[in-house]
Amino acid sequence: MLSVALRHRFPGFQLDATFTVPHGVTVLFGRSGSGKSTIVKAVAGLLKPDEGRITLDTDVLLDTGRGIALAPHRRRLGTVFQEGRLFPHLTVRQNLAYGRWFAPRGSRAEREDHVVEMLGIGHLLDRRPGLLSGGEKQRVAIGRALLCAPRLILADEPLAALDEARKAEILPYFERLRDEVSVPILYVSHSASEVARLATTVVALENGGVVRQGPPEAVLGDPSVTPLGSREAGALIAATVVRHHDDGLTELSAGGTPLFLPHLAQLPGQPVRVRIAAHDVILSRQRPEGLSALNILAGTVAEIREGGGPGAMVAIDTPAGRVLARITQRSVGALGLAPGAAVHAVIKTVSVSPADIGR
Amino acid sequence: MLSVALRHRFPGFQLDATFTVPHGVTVLFGRSGSGKSTIVKAVAGLLKPDEGRITLDTDVLLDTGRGIALAPHRRRLGTVFQEGRLFPHLTVRQNLAYGRWFAPRGSRAEREDHVVEMLGIGHLLDRRPGLLSGGEKQRVAIGRALLCAPRLILADEPLAALDEARKAEILPYFERLRDEVSVPILYVSHSASEVARLATTVVALENGGVVRQGPPEAVLGDPSVTPLGSREAGALIAATVVRHHDDGLTELSAGGTPLFLPHLAQLPGQPVRVRIAAHDVILSRQRPEGLSALNILAGTVAEIREGGGPGAMVAIDTPAGRVLARITQRSVGALGLAPGAAVHAVIKTVSVSPADIGR
Amino acid sequence: ADVLVFAAASLKTGLDEFAARWQAQTGNTVTVSYAGSGKLAKQIEAGAPADLFISANTAWADEVEQAGLVVPGGRRDILANTLVLIAHGKDAARVEIRDGFDLPSLLGDGKLAMAMVDSVPAGIYGKESLTALGLWDVLAPSVAQADNVRAALALVASGEAPYGIVYATDAAASDNVTVVGTFPADSHPPIIYPALLLTNAADEADRAFFTALTGTMAREAFTKQGFRVLK
Amino acid sequence: MTDWLSPQEWQAVALSLRVASVATLASLPAGILVAYALARWQFPGKQVVNGLVHLPLILPPVVTGYLLLLSMGRKGWIGYYLDEWFGIVFAFRWTGAVLAAAIMAFPLMVRAIRLSIEAVDPRLEEAGATLGASPAWVFLTVTLPLTLPGIIAGAILAFAKAMGEFGATITFVSNIPGQTQTLPSAVYAFLQVPGGETSAARLVVVAIAVAMSALMLSEFVARRVAARVGGG
Amino acid sequence: MTDWLSPQEWQAVALSLRVASVATLASLPAGILVAYALARWQFPGKQVVNGLVHLPLILPPVVTGYLLLLSMGRKGWIGYYLDEWFGIVFAFRWTGAVLAAAIMAFPLMVRAIRLSIEAVDPRLEEAGATLGASPAWVFLTVTLPLTLPGIIAGAILAFAKAMGEFGATITFVSNIPGQTQTLPSAVYAFLQVPGGETSAARLVVVAIAVAMSALMLSEFVARRVAARVGGG
Ligand SMILES: Nc1ncnc2c1ncn2[C@@H]1O[C@H](COP(=O)(O)OP(=O)(O)OP(=O)(O)O)[C@@H](O)[C@H]1O
Ligand SMILES: Nc1ncnc2c1ncn2[C@@H]1O[C@H](COP(=O)(O)OP(=O)(O)OP(=O)(O)O)[C@@H](O)[C@H]1O
Ligand code: MOO
Ligand SMILES: [Mg+2]
Ligand SMILES: [Mg+2]
């Protein structure tokens, strides 16, 4: 359990954030300037907040009230930064070993060969960071953080500097980290896809304060929480892989409803989670026929939220889970939508991007 | 008319590109590493290719065969780089004036006040670049390039370092440049939105060679040209603003067919072009009823191209112009689509992002 | 008229005083550039605009003369100096310097401070004396050679070296040293300061100053500093 | 305060200030040029030029002084022709002190400037070129202003060094009061005189004060200029 | 070749090499520490420390030598206690020549190292800290290796300067053949004798050769190390 309570003032910015989250991946989520990095720095010990208390399970990392402030190197955290920050004078192998040199004797670190294999960096071990691609750098940085026997891993937008292809390459490693390694992770992001794929807990920040906190289905499915603007809104659906079809589609089952997506790597029986972007959902009162879209979920309108523009956010409860749809207010009127109304959500198979599918 | 023929070898990369394009905005378009920057550097005179000939109207900038290679400062080009490259020791005003100091006397430069007004940088004139935001920097860089009385403006991914909000802020300035200033522009991008909004001519590059060249409607509407992968494919539709509705929607007319989009800034009567991403289009044999999607275009299938995966790219000719749809091959079969088949393209109002609407 | 004199640095106090008085008397201006004799000689050979050169030894004077830079009849030995043994402290015991003088045991494992024994005049004279007294071979490893006499003096004054060999004129300078003995005049070549009237000298003032160097006023000034004034 | 130093001492202080200032300013263009060449050009014999520049730092100053006397003296193999053809004389003039000080301070100046030229982003220079500036104008309008903090640091360090230069100066131009007697030469003269230590000490204090002020000024100015230019 | 210099001259060359090497190596830790403090710490009196470090660059070397004699001599106000308590004596020992050379070369060493420390990205140091390295370990495992090119450059420049140091050395430890007679002292001695120029010239050639080799080595090594470390 990680418990954070911080109060800090910068000229023109006031951080006042309190949250307590269980182990797993906690994603700090919010717009640029909302205070995510400031929180991470305070947890890492690189910034001393005006007031605050940070505890990790039973250990107190910081308690300004009692004058406790562990130095960064005593906190035993692993950090992955946006820019990698690999040591340019060390080989990849030495970078990986770096944290271990300082880990307390007998601490339970991951085995190096396991980490190397998990991250697929075996062929890079003798190179220097200067010769790695951006994606390779980040994988090494993850390994380095893991191997210092951390009690918590901090990752501040580890993918932000990468292009889409590179992002797609790294995200699975964080998923494996979450699933195969028991170290809790505090992960900063302003990408809804990353939240959808990784989070076990989401902490949504706005202007230095926590606006919502909870499991990702709940936070992302709440039409009133759009810390990144309505274009990034979208709900999360938990599903299970049923079968891979010969035409390259993968059939999922979400609460009994079939969903068809472009081929996934997961084996039948494995769970996946799928973020359905709100602007990719079309609503229809009758069940539409003869559409190229293969996924049609029947449900009832749970909530409608109109914003300042021409759009409205409609939450629909379906057997597959809650789905958000962003449609025009004109359509809300034309279709006569209101809470309780029966409705069909149409989702294009191909409009779910691979980045939005996690497990 | 800009005519470029280049041959250059880097270790592991061979550029061999020839194209001749009319004035207006020519977008060099292609994946990372396809040779876009190399071409721009050669045109700017910052890289001397093994072989090549570059002419601008009647002037020869480079002709290795005849031993001609104008020095960069004699080419009279304005350049806008990804990183701005503003002079940090000069104020914005002095940065803007920089090129003019060296412009030949009597050359037809834009008037400074006009440029400053067009770019909205009047309030920044006395600041230093260090204190500007990324978007402001790029606006100043554009102004600086304009004011050196260039015969051609080179812009190498001028928006790549900016986030979405910043991009949306700058793109309109390039549109104004295209429409209000007669200087031709060679613009590098790997964003389909930017191509859609800006290009008068598109030159698509792959592995150092030109794979397709022509007006953007033709290049983007060709299902076989997807230099950025099928996820970025999408056709371009030319339309005219008809009316702004009270509920915040703007009605367009594309070849007589009405299209509804979230509010646009353009006045009624003004032309706009709209990129419709292929993965946002749903197809239906019958005209669908009772959908939240407001835009339904009737047309005929022109071409179907199946890729390696489960998807297929379907080109549909509609009264509004050609539309591309990316659907599953399964749907192609289920709907019985084949060239000549009548079909309806369903486009969500809100799925057209503001970045995809130009004029 | 202006007189430019190049003079060995060790002459500074006496020569400054004399020059000031001579100026006041004649209304001419005298400028003196003080540096090591060797340096000055080289500069004169390189065309320095000096009218007079007062060297601290005869070797450098000879060199300038051989270079043909001296007016005929323009060389006079004007001053003589004596070489003394100094010790650190205000009241060191006096010794008598003669054949068989046991300087090595007096020195113990301390150093004997001298000017450079092969290049600086005071060092050259000192080495001659020690050789004549049969002490050089024993003492050579114990000699700390400074780059000029004043630096040797400083080594003794600071107590770094217990004993040193300097000119009598220098010994008077420091409160922290005592003259414990004088080297016999016959143990080294005469310590002579030749004055040279150089070919550069153009006017009467130069000649007048050259002549006055052996006059009463000069005698008073230099004697005060411990020099023996010749002729 | 004026009583504190004798007129001759004041003269030495004033001359040193003049010599150091002129030496610094006069060698600055050459310092910038050489630093630029070492930082940006590849040419045969570059290492030799680099070595020559450093020579005065490495040689005992007296040797440098002798070499100057032999080459630039009125009868020297360069000095003779300078005199004959252009009437330029360094030997035994304050200008000679300037030359000696400039040469002794040159390596420090060049090192500082070179480092700051190497720190200028060549892409800014490219930007200047594409905007129509010829290489010379790019240098003047982009490289030079961005190098300013280093130039200031180098100049002031050179000034401080020039203030303290002694060995080469006294060997080359002697120690003529009012003409070539700089502050360090005056210190030397006093150290040769019985009881001259206190006078020497007073002059040393003046020398330290001037040089320290210059150094602090340089740190301050360089920081200010860097702050104005940087962050961008 | 061995005939070319007399045994005594060889001795001077060997001693100079030893003195310069030891001076460089022995002052390196202090140089790195001071450079680090000046580059990274804010403390009262920082400007004063900076000034003190530069002092030997600015003062006439003879003055530095006198100050050393007064402070570090066997009867000096520091040297006395060094001798009494630790039995450390500098006066008239080659170690004194080392001390003088080290002090004269110190400002050059510190300047070079300071600049390269300032160029180290503090975020790498932060990364080291969060990975469990204490400040001392961060310094040793991150800052120091990244500063290596600057340290090498600074050390070799200091070595070259130490090879040429004369004024402070001869004033402090005088000139005892085989013990404190360094190459520049030997050169100086020759220059004081009528007709000694050719001998002096031979020694100067040796001095130049050694110092130039050191300088070129430094440029080369620094470039190699920078290439290995950089680009990342
Ligand atoms: N050292 C500092 N001094 C002053 N203000 C600061 C400092 N660090 C951060 N701030 C301000 O605090 C606010 C929060 O910054 P923070 O870096 O935590 O945001 P963020 O959520 O990480 O943003 P991003 O997504 O852009 O990384 C911003 O307004 C920023 O300008
Ligand atoms: N100076 C160089 N030396 C060697 N190879 C180079 C050099 N410059 C570019 N290349 C190579 O040439 C190829 C094309 O590079 P270029 O920068 O033109 O691509 P680009 O299309 O601009 O890519 P991006 O979208 O990433 O900017 C790449 O493989 C690159 O590695
Ligand atoms: O100053 Mo002298 O020439 O060594 O006596
Ligand atoms: Mg941040
Ligand atoms: Mg590029």
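Since we're looking at a predicted model, the values are computed, not measured. Per chain, numbering begins at 1; letters A, B, ... match sequence-line order. Computation of the quantities below employed the complete heavy-atom set of this structure, encompassing side-chain atoms and omitting hydrogens, waters and symmetry-equivalent molecules.
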Residue selection (most heavy-atom pairs with chain D, distance under 4.5 Å) from L52(E), L55(E), V62(E):
L55(E)

Tell me whether S16(E) contacts the main-chain N or O of L183(E) through its side chain, where contact means a donor paired with an acceptor under 3.5 Å.
yes

Euclidean distance, L33(E) CG relative to S27(E) OG, rounded to 0.5 Å:
12.5 Å

Between CG of L38(E) and CD of Q47(E), what distance do you get to the nearest 0.5 Å?
8.5 Å

So which of V187(D), L59(D), V48(D), L67(D) has the largest heavy-atom pair count under 4.5 angstrom toward chain E?
L59(D)

Of the options V206(D), V210(D), V204(D), which is the one that meets I208(D) in a side chain to side chain contact (heavy atoms under 4.5 Å, CB included)?
V204(D)

Check whether L215(D) gets within reach of chain E through its side chain, its backbone, both or neither, counting any heavy atom under 4.5 Å.
side chain

Check: G65(D) main-chain N/O paired with T171(D) side-chain donor or acceptor under 3.5 Å
no

Does atom OH (Y36(D)) have a neighbourhood of more than 12 heavy atoms from anything else shown, all under 6.0 Å?
yes

What residues of residues 155-163 of chain E make heavy-atom contacts with chain D at a cutoff under 4.5 angstrom?
L157(E), A160(E), K161(E)

Counting only heavy atoms closer than 4.5 Å, note whether L115(D) contacts chain E via side chain, backbone, both or neither.
side chain

Using a 3.5 Å distance criterion without hydrogens, assess whether the side chain of R111(E) forms a donor-acceptor pair with backbone atoms of A112(D).
no

Whether S6(D) side chain and E9(D) backbone form a donor-acceptor pair below 3.5 Å
yes

